[in-house]
Amino acid sequence: MKEQNKYDQMLFGLSNRLQRILLFADKVAGEIICEETDLLEKIIPQTFEVMNRVAKFSCNYVRRGR
């Protein structure tokens with residue numbers, strides 16, 4: 001019985017340590033996502049601007065071709 005209790009306590013301790021690590025991992029993942037989101041906030045408007053210019057150029061090209 002003592003042997004089983006020893007292993008149960010080890011499992012409980014491992015679970016507690018794992019929870020502490022996962023909480024830290026969630027925080028780090030959240031910071032990484034925020035950094036990536038900041039980059040996307042800058043890139044997405046620029047991408048749409050380029051797409052808009054290409055569309056306007058293409059439409060003008062087709063109009064002039066007729």
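- Considering CZ of R64 and SG of C59, their distance stands at 11.0 Å, rounded to 0.5 Å.
- Residue pairs meeting the side chain to side chain donor-acceptor pair (under 3.5 Å) criterion with at least one partner in residues 44-56, sequence neighbours excluded, are E49-R53.
- There is no path of hydrophobic side-chain contacts, each under 4.5 Å, that joins I43 to V54.
- Residues meeting the side-chain hydrogen bond (donor to acceptor under 3.5 Å, both in side chains) test with E41, sequence neighbours left out: none.
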